[in-house]
> 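The structure that follows is given in the form of structure tokens.
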Amino acid sequence: MRRVAIVSREITPAALIAEVQSAEFGAISLFVGTVRDTNDGRSVAAIDYSAYTEMAESELEKIIAEAEDRFGVAALVVEHRVGALALGDVSVAIAAAHAHRGPALDATRFVIEEIKTRVPIWKLEHYIDGGREWVDPSQGRGVISA
Amino acid sequence: MRRVAIVSREITPAALIAEVQSAEFGAISLFVGTVRDTNDGRSVAAIDYSAYTEMAESELEKIIAEAEDRFGVAALVVEHRVGALALGDVSVAIAAAHAHRGPALDATRFVIEEIKTRVPIWKLEHYIDGGREWVDPSQGRGVISA
Amino acid sequence: MSLVTVQLFASYAESLGRPTITIPLEAGGTVRDLVENIRSLPGAYVLPESPRVAINRRFASPDQLVDSRDEVALIPPVSGG
Amino acid sequence: MSLVTVQLFASYAESLGRPTITIPLEAGGTVRDLVENIRSLPGAYVLPESPRVAINRRFASPDQLVDSRDEVALIPPVSGG
């Protein structure tokens with residue numbers, strides 16, 4: 001089971017677990033990213049996620065192929081949501097299954113780290129104080145403030 | 001949210017996620033252990049899990065307190081099931097949440113590794129060929145064969 | 001001379017005011033040349049010294065040649081997850 | 001001389017045929033002394049050279065003193081998860 005998707009609906013982590021689960025695997029690792037109420041000391045009200053969808057899915061496919069090569073994890077499902085997300089909403093979920101725990105945990109961490117550096121998805125944060133900012137992890141702060 | 005439990009009912013991973021989830025956290029890491037159909041090359045039919053329940057819960061409490069100290073993870077829930085488990089059944093689930101992904105992932109891995117070395121829980125594996133064996137990771141094989 | 005269509009996203013699309021731009025490029029032009037041509041547009045101050053460029057949905061090096069039939073995109077610093 | 005109740009689990013309980021055993025121990029006896037006294041029981045061949053012992057739900061060192069009021073358990077190699 002290998003699948004990636006950029007989705008514009010709610011992500012259900014339990015569905016990803018069910019997708020990778022199999023009696024041949026003894027370990028499932030799931031990572032879930034959610035919209036946090038604070039970033040860089042500012043109170044976040046909501047986040048708009050956008051993507052270059054075709055390339056994002058293509059990069060995600062490459063990342064899970066690399067994870068399979070590195071860790072031998074054949075069951076790996078990734079969903080990333082785009083659109084207007086509220087506080088607490090799930091933005092990304094990654095589920096990996098393997099016979100043993102080590103590779104399942106390694107694969108999950110690898111995928112989220114790679115997503116953060118090379119998958120073309122962007123966050124526009126809206127703050128409680130009315131401001132908004134494109135999040136730019138390479139700068140520590142966004143590139144456009146308002 | 002900190003909670004540990006040795007349970008004799010089904011474990012629902014999604015319930016653990018919901019327990020640790022909060023808008024103050026941006027990352028949730030979940031590890032799920034399940035009954036695998038093969039161990040050490042033998043076909044497994046089922047596993048009986050037993051525990052020294054009071055001490056197991058006490059060790060789990062210590063482990064999550066250590067994880068909190070090490071990784072600053074304040075939301076950590078662990079359930080381990082005992083009794084007769086079938087193939088694919090969830091034996092253990094660990095959910096950790098944190099503002100950031102690193103500590104959430106580190107805490108989950110720490111807890112499962114510690115469980116494997118110091119929580120008094122035991123597996124009696126039943127094989128398709130009719131044999132049974134107490135699993136002993138320190139030996140590579142069980143200590144009693146039949 | 002050909003015209004290359006370039007997709008913009010996020011802060012770049014906002015600053016340049018459009019989701020796509022059409023940029024003239026000499027035959028044999030590279031990613032570096034394309035970026036230099038984009039710098040003359042209003043709002044292009046938002047671009048860092050070496051913005052990431054994707055050609056046909058893969059990250060491209062500055063020396064890579066650009067063809068007008070390529071799917072070209074400027075990729076702002078990513079922040080998914 | 002006092003009597004110490006020791007809980008057994010998993011392979012140890014199976015090999016020694018009981019979930020608890022009662023073991024005589026001299027006053028001032030240690031975990032090491034207790035384990036030596038257990039070795040005389042039928043089925044005790046299952047015990048490794050230094051079995052883990054828990055006193056009051058904590059792993060104990062071989063030199064720790066054992067009191068008859070303690071909650072004592074022999075802990076087989078764990079295999080949870």
Side-chain angles (χ1 to χ4, degrees), chain B residues 4 6 31-36 39-40 47-63 78-82 85 90-94 108-109 111-125 132-146, chain D residues 4-23 30-32 34-36 38-81:
Chain B
V4 306
I6 302 295
F31 178 82
V32 175
T34 59
V35 176
R36 195 156 64 94
N39 190 19
D40 252 331
I47 300 184
D48 292 328
Y49 280 84
S50 57
Y52 175 11
T53 303
E54 301 84 351
M55 182 176 169
E57 291 187 335
S58 160
E59 278 297 308
L60 285 173
E61 291 280 6
K62 280 189 241 168
I63 289 167
V78 181
E79 287 189 354
H80 199 301
R81 186 173 170 188
V82 292
L85 272 69
V90 175
S91 55
V92 62
I94 303 160
T108 309
R109 185 184 295 254
V111 171
I112 185 62
E113 295 299 335
E114 293 298 304
I115 286 174
K116 296 272 180 185
T117 59
R118 54 188 263 211
V119 176
I121 299 176
W122 301 278
K123 283 197 268 212
L124 176 60
E125 284 187 342
R132 58 198 282 284
E133 199 162 306
W134 291 99
V135 178
D136 180 0
S138 68
Q139 299 292 315
R141 299 291 311 202
V143 291
I144 296 179
S145 301
Chain D
V4 177
T5 299
V6 179
Q7 296 187 56
L8 303 176
F9 296 96
S11 56
Y12 294 179
E14 183 168 291
S15 188
L16 283 107
R18 284 169 286 174
T20 58
I21 50 179
T22 305
I23 301 295
T30 64
V31 164
R32 186 182 293 106
L34 181 76
V35 169
E36 286 318 305
I38 294 171
R39 286 198 194 281
S40 60
L41 296 179
Y45 67 86
V46 74
L47 300 182
E49 197 171 310
S50 299
R52 288 167 103 179
V53 173
I55 295 185
N56 300 326
R57 304 174 188 176
R58 290 174 166 271
F59 289 110
S61 71
D63 295 327
Q64 194 169 325
L65 296 180
V66 181
D67 187 280
S68 63
R69 289 158 302 184
D70 286 334
E71 180 177 319
V72 180
L74 277 185
I75 309 292
V78 305
S79 57

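A note on names: the letters A, B, ... follow the listed sequences, proteins ahead of strands, and every chain is numbered from 1.
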> Given that the side chain runs from C-beta out, which part of B:Tyr52 has a heavy atom under 4.5 Å from chain D: side chain, backbone, both or neither?
both
> Is there a donor-acceptor pair under 3.5 Å between the side chain of B:His80 and the backbone N or O of B:Ser91?
yes
> Considering non-hydrogen atoms only, spot the tightest contact between D:Phe9 and D:Ala73 and give its length.
CE1-CB, 4.0 Å
> Answer yes or no: is there an ion pair linking B:Glu113 with B:Lys116, defined by an N-O contact shorter than 4.0 Å?
no
> Which bit of B:Ile115 comes within less than 4.5 Å of chain D, counting heavy atoms only: side chain, backbone, both or neither?
both
> Find the distance between OH (D:Tyr12) and CG (D:Leu74) and round it off to the nearest 0.5 Å.
7.0 Å
> Which residues pass the salt bridge (charged side-chain N to carboxylate O under 4.0 Å, His left out) test with B:Glu114, not counting sequence neighbours?
B:Arg118
> Please report the shortest heavy-atom distance between D:Ala10 and B:Ser50, naming the atom on each side.
CB-OG, 4.5 Å
> Answer with side chain, backbone, both or neither: which region of B:Ala51 has an atom nearer than 4.5 Å to a non-hydrogen atom of chain D?
backbone
> Select, from D:Pro76, D:Gly80, D:Ser79, the one with the greatest count of heavy-atom pairs under 4.5 Å involving chain B.
D:Ser79
> Roughly how far, to the nearest 0.5 Å, is CG of D:Leu47 from CG of D:Leu8?
8.5 Å
> Non-hydrogen contacts under 4.5 angstrom with chain B: give the residues of residues 48-57 of chain D involved, or none if there are none.
D:Arg52, D:Ala54, D:Arg57
> Hey, could you give me the CD/CD1 distance between B:Glu59 and D:Ile75, rounded to the nearest 0.5 Å?
9.0 Å
> Below 4.5 Å from any heavy atom of chain D, which atoms of B:Thr117 appear? Answer side chain, backbone, both or neither.
backbone
